[in-house]
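Below is one structure; the comments refer to it alone.
Values below: every heavy atom of this structure, side chains too, minus hydrogens, waters and symmetry copies. Each chain gets a letter, A, B and so on, in the order the sequences are listed, and its residues count up from 1.
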Amino acid sequence: MDPEGLSGLNAPLLAWFAGARRPLAFREDRSPYRVLVAEFMLQQTRSNVVESYYRRFVRRFPDVVALAEASPEEVLAHWQGLGYYARARRLHEAARRIVAQHAGMVPRDPQALRALPGVGPYVAAAVGAFAFERDEAALDANVRRVLARVANVLAIDERVAAALVPPGRAREWNEALMDLGATICTARRPRCPTCPLTDVCRANRAGTQELVPARVARAVRPVVLRCLVAVRDEELRWGLVRRPPRGLLAGLWEFPSADGADPAAALATHDVWAEGLTELPPFRHTFTHLVWDVRPFLARGGGPLRWVRPAELPTVPLTGPTVRVVRHVAGAAPGLSK
DNA sequence: AACCCGGGGGT
DNA sequence: ACCCCAGGGTT
């Protein structure tokens, strides 16, 4: 089945890939557990950002049992800075279910894979293709974009993509499309003159590379004033509070904070007393759907907080603004920068 | 179908 | 300053 007449892309694609394959850290070991970890991290996150996190994570949690037996806080600490923290919670829960229900083996069955928390259509197909060498199309943003442009359509049909996978070569086929999408057939300003698919690409022939696939406009993000007080006690330990287990930055630790410009509100919300407040330079922290205009203060104080010595900070999952303030106060001292 | 959920890097 | 990314869950 090749209704779009697209299969001509496979030969030049795989020939190009033989000389252009990116040596990414998570491509070195294709055991199912490693692939599962990598694919969770790679959700909406660029591959070069994932690499260092992936290495640290599999070094600390080398197999599914090690991950299943770890504490939620330690898993979250190894995710700190990657974003989308629900992924860490879901991966941890998936590992526990794999141990409890699948004898510690990542399930081969696609339906059993899809039943794991955090495993959607993409991750299930990626594990199938990369770990189990099934002929599946792992339709991430790169693969979708490249195929849509070669076909010159606004969105690629998933059945058409599945029919294009060359039998027995799903791993390199998916990797090749991802590498091409990441390095040449980029979302903006694609490098068509150096592309191995120019002869078969219908968007290139039609000049519609920048129009295909269709884009969705991003909604305007509301700006919220956010006040925080970086409190230290007499021993210069930091005073932290834990965010709720669900929602924005779920489960991470931060300084006593509150919406608005008044640091007293941040203190009162958490029953904290403080003296000698000094204002630190304000900064902006951007989320997917929201912007924090952060007003940080530094103070000496006390109260019902978790008091953490600077040396222990790397073991605590912190929010981005918290890391930023600590680094500013400590003056980029080594060992605090995680 | 429309939201919610991060942060970093390229342009 | 803006755009985009090896998406999935919830409502």
#### Entry: Lys/Arg N to Asp/Glu carboxylate O, A:E74 vs A:R60, below 4.0 Å
yes
### Message
So that I can tick it off, tell me whether A:E279 and A:R295 are bridged by a salt bridge, with the cut-off set at under 4.0 angstrom between side-chain N and carboxylate O.
### Response
no
### Task
Give, ordered by number, those residues of residues 108-143 of chain A having at least one heavy-atom distance below 4.0 Å to an atom of DNA chain B; if nothing qualifies, reply none.
none
### Message
Please give me every residue in residues 16-36 of chain A whose heavy atoms get under 4.0 Å of an atom in DNA chain B, ordered by residue number.
### Response
none
### Query
Is NZ or CZ of A:R56 both nearer than 6.0 Å to the six-membered ring centre of A:Y53 and within 45° of the ring axis?
yes
### Message
For the residue pair A:R243 and A:W253, would you count it as a cation-pi contact if the rule is NZ or CZ under 6.0 angstrom from the ring centre and within 45 degrees of the ring axis?
### Response
no
### Task
Report yes if at least one side-chain N or O of A:R145 is closer than 4.0 Å to OP1 or OP2 of C:dC4; otherwise report no.
no
### Query
Are side-chain N/O atoms of A:R87 and A:T45 paired as donor and acceptor at under 3.5 Å?
yes
### Task
Could you check whether the rings of A:F287 and A:H289 sit parallel, tilted or perpendicular, using 30° and 60° as the cut-offs?
tilted
When the [atom1] atoms of [N] and [M] are considered, how many whole Å apart are they?
| N | M | atom1 | result |
| --- | --- | --- | --- |
| C:dA6 | B:dC4 | P | 24 Å |
| C:dT11 | B:dG6 | P | 16 Å |
| B:dG8 | C:dG8 | P | 22 Å |

### Task
Treat primed atoms plus P, OP1 and OP2 as sugar-phosphate and everything else as base, then score nucleotides 4-11 of chain B 5' to 3': B for base contact with protein heavy atoms under 4.0 Å, S for sugar-phosphate contact only, - for none.
-BBBBBBS
Atom-to-atom span, [atom1] of [X] to [atom2] of [N] - whole angstrom:
| X | N | atom1 | atom2 | answer |
| --- | --- | --- | --- | --- |
| A:F40 | C:dG7 | CZ | C1' | 10 Å |
| A:M41 | C:dA6 | CE | C1' | 13 Å |
| A:Y54 | C:dA6 | OH | P | 17 Å |
| A:N174 | C:dG7 | CG | P | 12 Å |
| A:L91 | C:dG7 | CG | C1' | 14 Å |

Ignoring hydrogens and angles, tell me if any N or O in the side chain of [X] forms a donor-acceptor pair with the backbone of [Y] under 3.5 Å.
| X | Y | answer |
| --- | --- | --- |
| A:H92 | A:L67 | yes |
| A:E51 | A:A25 | yes |
| A:R149 | A:Q209 | yes |
| A:R27 | A:R22 | yes |
| A:R89 | A:G251 | no |

### Query
What would the secondary structure line of DNA chain B be in dot-bracket form, counting Watson-Crick and G-U wobble pairs under 3.5 Å, with [ ] for pairs that cross earlier ones and | for pairs with another strand?
|||||.|||||
### Message
Could you work out, with side-chain contact (heavy atoms from CB on, under 4.5 Å) as the rule, every residue matching A:R188, not counting sequence neighbours?
### Response
A:R215
#### Entry: Any residue meeting side-chain contact (heavy atoms from CB on, under 4.5 Å) with A:R90, in chain and number order, not counting sequence neighbours
A:F40, A:A86, A:P117
### Summary
Closest non-hydrogen atoms of A:W307 and A:G301, given as atom of the first, atom of the second and distance, are CH2-O, 3.7 Å
